[in-house]
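Shown next, in structure tokens, is the structure this report addresses.
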Amino acid sequence: MYNTTELKAAVEQHIENLGLDQRKPANLYQPMAYILSLKGKRIRPILTLLAYQAVSGANPMKAMNLAVAVEVFHNFTLVHDDIMDRAPVRRGNATVHIKWNENIAILSGDALLAFSMDLVTGDFPERAAPLMKEYTRVSLAVCEGQMEDMDLALQEHATIPDYLEMIRKKTAVLLGGCMSLGSLAGGADEEIVGQFREFGESLGIGFQLQDDLMDAFPPEGFGKQVGGDIIENKKTYLLLKAQELADPSQRKTIAALMAENSDSKVEKMLEIFRQLDIESHTQALIHRYFEKAKYLGQALSQKTHFEPLRSYLQEIASRKI
């Protein structure tokens, strides 16, 4: 049984062994190798490996190509997101479109997507059809979520259900996909695959709401800018809940602050959030999603080797606080 530190090291080694930086043409493959070398937490491939192990009881290294496929796909989305956001920095380094140029970044991102597709079925050719069907479902949902995020920014009257569905697709679907793909590769039936998928999505929504909350009300020592979402007028759950609960005077103030670009904008908006107890409302919703995941996890514990997965998720959650 491997611990998560060993799994992460194995993922890093497998990515390095892909040899993308040796392929030609260099100006296509070197950006691909570059973005993958900006080592993140590798949460998604580890979840894929643990889901495979939970169902099959087999050595998780057997699913390494599948796990890396998910990480390659994730990095494809980062390359394209950075272009759309005009982001200059990713993980403390220049983004691909800044280090090279936008055309190369688009094409290298496309190549990452294609490369990930090739990896999906490499370990399990006998399960190629269901794995590719699930992979395609996840991929399309992530793209839909990105478009819905862009559309939401332009909507004058966005709703909380709109926002929750957007973050489900943009963020949580891929976490659920790690679980569903890993369990599918491990031989799980449709019911268990669905439970793994729903478990991952519930956690993903909870984690995103937690990120939204910490942007406005960070714990001590969080070390990031407070109110970045407020500055950018992002339609987070916190803002939408405030608009829902506000009286006419507060609603007018919120609208005025969203049109404002002052040093006091964040503190003024946070004061409205405090008046409406938005922190508690958000914490309650986070708790609801985590409780749903806990319930699904208990059910999966009766059918699979779930404990290593549960332990890793507790580790992830503790890092985010």
Shared ILVMFWY cluster between Leu213 and Val266, side chains joined below 4.5 angstrom?
yes
Start with the C-alpha gap between Met258 and Leu239, add the side-chain angles, then the distance that decides, and say whether side-chain contact (heavy atoms from CB on, under 4.5 Å) holds.
CA-CA 10 Å; Met258 292 181 72; Leu239 176 62; 3.8 Å; yes
Verdict with supporting geometry, Leu309 and Phe196, side-chain contact (heavy atoms from CB on, under 4.5 Å):
CA-CA 11 Å; Leu309 190 48; Phe196 269 99; 3.7 Å; yes
Hey, are the side chains of Arg91 and Lys39 touching, using non-hydrogen atoms and a 4.5 Å cut-off?
no
Any chain of hydrophobic side-chain contacts (each under 4.5 Å) joining Met166 to Leu140?
no
Neighbour count above 12 (heavy atom, 6.0 Å) for Lys294 NZ:
no
Which pair of heavy atoms, one from Glu12 and one from Gly40, lies closest together, and at what distance?
OE2-O, 4.3 Å
Any residue meeting ring pair (Phe, Tyr, Trp, His ring centres under 6.0 Å) with Phe217, in chain and number order, not counting sequence neighbours
none
State which residues pass side chain to side chain contact (heavy atoms under 4.5 Å, CB included) with Ser311; sequence neighbours excluded, sorted by chain then number.
Glu307
Side chains of Val226 and Leu270, heavy atoms from C-beta outward: is any pair under 4.5 Å?
yes
Would you say Tyr237 and Gln208 make side-chain contact, with heavy atoms under 4.5 Å?
no
Listing request: all salt bridge (Lys or Arg N to Asp or Glu O under 4.0 Å) pairs with a residue in residues 281-292, at least two apart in sequence or in separate chains.
Glu198-Lys292
Which residues pass the side chain to side chain contact (heavy atoms under 4.5 Å, CB included) test with Glu16, not counting sequence neighbours?
Gln13
Taking CG in Asp247 as the centre, count heavy atoms belonging to other residues, nucleotides or ligands within less than 6.0 Å. Is the count above 12?
yes
How far does OG of Ser37 sit from CE of Met32, to the nearest 0.5 angstrom?
12.5 Å
Per the salt bridge (Lys or Arg N to Asp or Glu O under 4.0 Å) rule, what does the pair list look like for residues 257-268, sequence neighbours excluded?
Glu260-Lys268, Glu267-Arg274
Using modelled atom types and a 3.5 Å cut-off, is there a donor and acceptor pairing between side-chain atoms of Glu6 and backbone atoms of Asn3?
yes
Validation row: Glu244, His281 side chains within 4.5 angstrom (heavy atoms):
no
Without swapping roles, check the side chain of Arg251 against the backbone of Gln243 for a donor-acceptor pair under 3.5 Å.
yes
For Ser56 and Gly186, work out which heavy atoms get closest and say how close.
CB-O, 3.7 Å
Under the ring pair (Phe, Tyr, Trp, His ring centres under 6.0 Å) test, which residues partner Phe76, sequence neighbours left out?
Phe73, His80
Quick one: do Met147 and Ile83 end up in the same hydrophobic cluster if we chain Ile, Leu, Val, Met, Phe, Trp and Tyr together by side-chain heavy atoms under 4.5 Å apart?
no
Quick one, Val138 with Val70, criterion side-chain contact (heavy atoms from CB on, under 4.5 Å). Give me CA distance, side-chain angles, the key distance, then yes/no.
CA-CA 10 Å; Val138 170; Val70 175; over 6 Å; no
To the nearest 0.5 Å, what is the distance between CG on Leu131 and OG1 on Thr136?
10.5 Å
Taking Arg168 first and then Glu144, would you say they form a salt bridge - that is, a charged N and a carboxylate O separated by under 4.0 Å?
no
List the atom pairs, donor and acceptor, that lie under 3.5 Å between side-chain atoms in residues 104-122 and the rest of the protein, sequence neighbours left out.
residue: Ser108; atom: OG; partner: Leu28; partner atom: O; Å: 2.9
residue: Ser108; atom: OG; partner: Ile104; partner atom: O; Å: 3.0
residue: Ser116; atom: OG; partner: Leu113; partner atom: O; Å: 2.7
residue: Ser116; atom: OG; partner: Tyr135; partner atom: OH; Å: 2.4

Can you list the residues that meet the side chain to side chain contact (heavy atoms under 4.5 Å, CB included) rule with Ala293, with sequence neighbours excluded?
Phe199, Ser202, Leu203
Do Thr4 and Glu315 touch side chain to side chain, with heavy atoms closer than 4.5 Å?
yes
List the atom of Val173, the atom of Ala141, and the distance in Å for their closest heavy-atom pair.
CG1-CB, 3.7 Å
For a 4.5 angstrom cut-off between non-hydrogen side-chain atoms, does Met179 reach Leu47?
yes
Tell me which donor-acceptor pairs under 3.5 Å the side chains of residues 148-155 have, and how far apart each pair is, sequence neighbours excluded?
residue: Glu148; atom: OE2; partner: Lys169; partner atom: NZ; Å: 2.9
residue: Asp149; atom: OD2; partner: Lys170; partner atom: NZ; Å: 2.6

Given Val96 and Lys99, is the side-chain contact (heavy atoms from CB on, under 4.5 Å) satisfied, shown in steps?
CA-CA 5 Å; Val96 172; Lys99 188 173 177 64; 5.9 Å; no
Can you name the nearest heavy-atom pair linking Val55 to Ala188, along with the distance?
CG1-N, 3.5 Å
Are Met84 and Leu78 grouped together when hydrophobic residues (ILVMFWY) are joined by side-chain heavy atoms under 4.5 angstrom apart?
no
So among Asp82, Asn75, Thr95, which one has a side-chain hydrogen bond (donor to acceptor under 3.5 Å, both in side chains) with Arg90?
Asp82
About how many Å separate CE of Met214 and CG of Asp211, when rounded to the nearest 0.5 Å?
5.0 Å
Please report the closest heavy-atom contact between Leu7 and Pro60, naming both atoms and the distance.
CD2-CG, 3.9 Å
Would one find more than 12 heavy atoms of other residues, nucleotides or ligands at under 6.0 Å from atom NZ of Lys133?
no
Check: Leu257 and Ile230 side chains under 4.5 Å, non-hydrogen atoms
no
To the nearest 0.5 Å, atom CG of Leu50 lies from atom OH of Tyr312 at 7.5 Å
How long is the gap from CD on Glu279 to NZ on Lys241, to the nearest 0.5 Å?
15.0 Å
Say you draw a straight line from OG1 of Thr282 to CD of Gln210; how long is it, rounded to the nearest 0.5 Å?
11.5 Å
Here the pair of heavy atoms bringing Ile254 nearest to Ala246 is CD1-CB, 4.2 Å
Check whether any side-chain heavy atom of Leu240 lies under 4.5 Å from a side-chain heavy atom of Thr159, and answer yes or no.
no
Check for me, please, whether Ile278 and Ile231 land in the same ILVMFWY cluster - side-chain distances under 4.5 Å, paths through other members count.
yes
Residue pairs fulfilling salt bridge (Lys or Arg N to Asp or Glu O under 4.0 Å) with at least one residue in residues 70-81, sequence neighbours excluded
Arg42-Glu71
Residue pairs passing the side chain to side chain donor-acceptor pair (under 3.5 Å) test where at least one lies in residues 177-194, sequence neighbours excluded:
Glu134-Ser180
Side chain to side chain contact (heavy atoms under 4.5 Å, CB included) filter on Ala63, not counting sequence neighbours, yields Leu49, Tyr52, Phe124
Whether the side chain of Asp123 engages the backbone of Asn65 through a donor-acceptor N/O pair (distance < 3.5 Å, no angle test) should be reported.
yes
